[in-house]
Amino acid sequence: MADAPSLTRGRAGPDVAAFFRRYAALAALIVLLAFNFAVTPHFVSLQTLNVNLTQVATIVIVSVGMTLVIATGGIDLSVGSLMAIAGALAPLIFLSPFGVAHPALGDLLAFVLPVAVVGLLGAFNGWFITRFQVQPIVGTLVMFIAGRGIGQVLTNGNLQVFHNPTFQFIGLGRVLGVPFQVIVMLVIVGLAAWTVRRTLFGRHILAVGGNERAARLAGVPVARVKRWVYAISGLCAGLAGLVVVSINSSSDANLVGLGMELDAIAAVAVGGTPFTGGQASVIGTLIGALLIQLLRYTLLANGVPDAAALVVKGVIIAGAVWSQQRGRTA
Amino acid sequence: MPTSAPLLVMRDIEKRFQGVHALAKASLEVQPAEIMALVGQNGAGKSTLIKVLTGAYGRDAGSIDFSGRPIAFASPQEAQRGGISTIYQEINLVPFRSVTENIFLGRERRRFGLLDWSRMNAEAADLLRRFDIAIDVRRPLMDYSTAIQQMVAIARAVSFKAQLVIMDEPTSSLDEREVEVLFDVMRRLRAEGVAVVFITHRLDELYQVCDRVTVMRDGRTIATRPMAEVDKLHLIAAMLGRDVEAVRGHATGFTAAAGPAGDEVLSAEGLRIGRRVRDSRLDVRAGQIVGLAGLLGSGRTETARAIFGADPPDAGSIRLMGKAITPREPADAIAMGVGYCSEDRKADGIVPDMSVRENLTLAILPRLVAMGVVDEGRQRAIVEKFMKRLAIKASGPEQKIRELSGGNQQKVLLARWLCADPKLLILDEPTRGIDVGAKAEIQSLIRELADQGLGVLMISSELEEIVEGADRVFVLSDGRTVADLPHAQASARAIMAAMAHEDAAATGEVARG
């Protein structure tokens, strides 16, 4: 019959595929590094490392949240817009009369409030999707569109320029020579990888993505898990928004986080997390983001224009998806 | 019966999937202008037989003659052009497009290279008028009720000049009035000389509209009879593979209960759930295996899911462990000490990409957690204990569950609940699709657990399981509990009589053997 008992399959087949899927991006990253060591002038320097890591940090932070969302079988299109909201809120707070009068408290609130607000908007995404059984791509499309509008309304569409070393430490500061946002990035990656692997919440994410109906019948609070991953995705986006405006010393709600959702999705795809849900590779996402970043850097450093780099990026994503599909059917 | 040459003769059809026989010596003969019922349990091979006929599957052996000529359609489309149209359970039309478009999909009328909408609309309206249906054919299909959509599907089938229309459970989503309309259409088709093969699980419907019935079981055709010559009891007996009079020897891994039943763990009364369940009632005591019997579609699974909180009931009361409580979510029932192994392992049971370890501990995971972190030492200990106790064959706890055989997957799912130490375990078809050895193992395990004080509610389509395994049997028919039999009275005959009783009473033609 159609559901005839499937006999125990040999372990070799799927495992080779899984290995390939898991390490393809890492192998490509190593090859690319080797290429750069050999070819690109001045590649081996702390500055090159810092430039690349600084540029990639925000993408990684957002991609980590995206990885968790995708692991539940969803997707979050709103991250770029949420970055814009957080980026617009922070200067509004520390530039406000209250923030100027109480700089310490103002700077603290400028960190905490925007991230919290954006986290709540993420939770709203999750609530909207679970309450009305909306497809995640449509549910978060609402916030993708409305979010950027909110950011622009907050600032009347104006560019906010500022100079606030305390606040901007998140984007410009260094600890022992390491850019602060890189540390933030590593902490978030480590925390997320640990959460997925070791915590109840992490296992529930994978169960929901792996078989939502079975998870519910096993008592997993499916709706709550989903609301949390979208909230976490929002929190990550909020943090990334603060980093971006700090680096720029200005906030433009029209531009902050523009196209970020697609960069994050690309990093997750290249990192080997399947879009069908049920699996999450946070480290893979980190590698995926690094690969895309380094590829772009390599091309630019060797005189290839940015437009051509975009094409190569597309090819890389196609390659990643191809290797994933091979992994599934092999 | 007409004595003219048969329209369709399928003889000695064989079909294997990966070496397993889905059809062995299946046959089907249909006369022109007759309505033939095709019945059988789930997995009897009805759908496979139809798919072989329409070319969706190839056949491994056997012959098919249609209108006196041997045929071998390569696809359902080819069968449609050849005069055989199929209407499936799920309507496979395009909901967003207009009724007309759906009827003419794939063979649009053209004029000067453009689509001739006025002509197509007129033809579609004419076609539907033949079935007394007057609707605006330009509106999207989804604007209409399921019954109308069903009619559009039939109209489309007929417009292919079909000589044979196959309807695979067309009534499962229709209400009573809509079913009447469908039956009218079927009779009209018959009057026009079209033959119909009608697959359904609702036996009383057969008597209303069918001329003859073909019964299938285990991939074979068991009998073909004029409808008027077979009563429901014998029909059910043929479907289930039980001789009405015969008493067979011990066929399962069940033994008798070791001791008397304990306290009540479940009591449900007057459950009404959707369209399927109107008034179901049952209770289970500790240490007792309660069987829930009934034909497919009688509301067994719906009742179980309601008790577990997966689909809360519209009406009725549930008492769990002596407390009046109606679970709204599975988590509520689990907190009360209830476990549920669903009938569809793949869709509702396993998380395929997760390991045996994680699947086994999915339900108790919250209890293995300190400060949100899973205690993997305790988790591993539990997994090892239950893999040993249930003799789960896997390369190890880290093997992915999808790589296991059906029987071993089922054991993991049983262990998922056993390790939670439940007071009530609901098992929906616990041995379906499992090889014989594992089946007896699981059956004796269920008894062992009950003897240790677990209350078990077991749904099964296999009469042996119910007759030999259950200490008490509730029989559902058409969404109502129609019998409550203690073990001593729960013979196959008594259960089948109970299943047939409600049907017979409903149609008013009582014919008891």
Side-chain angles (χ1 to χ4, degrees), chain A residues 1-15 17-18 21-22 71-73 130 191 194-225 228 272-281 324 327-328, chain B residues 17-20 22 43 45 47-48 219 305 308 310 329-335 340 342 344-354 358-359 361-366 368-369 371-374 376 393-395 399-400 402-409 413 416-417 420 432-435 438:
Chain A
M1 287 272 68
D3 67 341
S6 63
L7 297 171
T8 307
R9 257 185 280 159
R11 299 217 56 198
D15 273 7
R21 186 162 75 213
R22 188 156 175 194
T72 64
T130 52
L191 205 61
W194 176 80
T195 300
V196 169
R197 200 176 305 238
R198 294 297 309 275
T199 67
L200 178 67
F201 178 59
R203 302 331 286 179
H204 278 176
I205 289 175
L206 300 188
V208 168
N211 185 346
E212 186 172 325
R213 288 170 57 171
R216 175 167 175 255
L217 288 176
V220 175
V222 173
R224 201 195 314 158
V225 169
W228 268 109
T273 295
F275 280 66
T276 44
Q279 292 172 58
S281 174
Q324 275 192 29
R328 202 154 306 131
Chain B
F17 291 108
Q18 291 151 4
V20 181
S47 296
T48 313
R305 287 177 62 92
F308 193 61
E329 272 293 314
D332 302 342
I334 293 167
Y340 171 62
S342 74
D344 191 339
R345 264 196 311 277
K346 222 171 250 160
D348 293 328
I350 64 170
V351 183
D353 280 326
M354 280 188 155
E358 300 203 77
N359 270 286
T361 52
L362 189 58
I364 55 155
L365 210 53
L368 299 178
V369 161
M371 311 278 287
V373 182
V374 178
E376 292 188 354
K393 287 189 202 79
S395 65
Q399 188 173 10
K400 286 192 175 167
R402 63 176 156 82
E403 297 170 5
L404 266 52
S405 71
N408 281 303
Q409 288 182 359
L413 295 180
R416 177 186 286 176
W417 296 113
R432 172 178 291 168
I434 288 173
D435 66 273

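So you know, we letter chains A, B, ... as the sequences are listed, proteins then strands, and number each from 1. When reading the values below, keep in mind they use all heavy atoms of this one structure, side chains included, and skip hydrogens, waters and symmetry mates.
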Most contacts with chain B, counted as non-hydrogen pairs under 4.5 angstrom, among A215(A), G210(A), A207(A):
A207(A)
For [X] versus [Y], what's the shortest heavy-atom pair and its separation?
X       : Y       : result
R416(B) : A218(A) : NH1-CB, 4.0 Å
E329(B) : R216(A) : OE1-NE, 3.2 Å
G219(A) : A331(B) : O-CB, 3.9 Å
L200(A) : P366(B) : CD1-N, 3.8 Å
G349(B) : N211(A) : N-ND2, 4.4 Å

Could I get the full list of salt bridge (Lys or Arg N to Asp or Glu O under 4.0 Å) partners for R203(A), not counting sequence neighbours?
E358(B)
For D353(B), the salt bridge (Lys or Arg N to Asp or Glu O under 4.0 Å) test, sequence neighbours excluded, returns R402(B)
Whatever's closer than 4.5 Å to a heavy atom in chain A on L368(B) counts as neither
Please classify the contact between I334(B) and chain A as side chain, backbone, both or neither, with a heavy-atom cut-off of under 4.5 Å.
side chain
How far apart are the C-alpha atoms of V374(B) and T199(A), what are their side-chain angles, what is the distance that settles it, and do they pass the side-chain contact (heavy atoms from CB on, under 4.5 Å) test?
CA-CA 5 Å; V374(B) 178; T199(A) 67; 5.7 Å; no
Rounded distance [0.5 Å steps], NZ in K346(B) versus CZ in R213(A):
13.5 Å
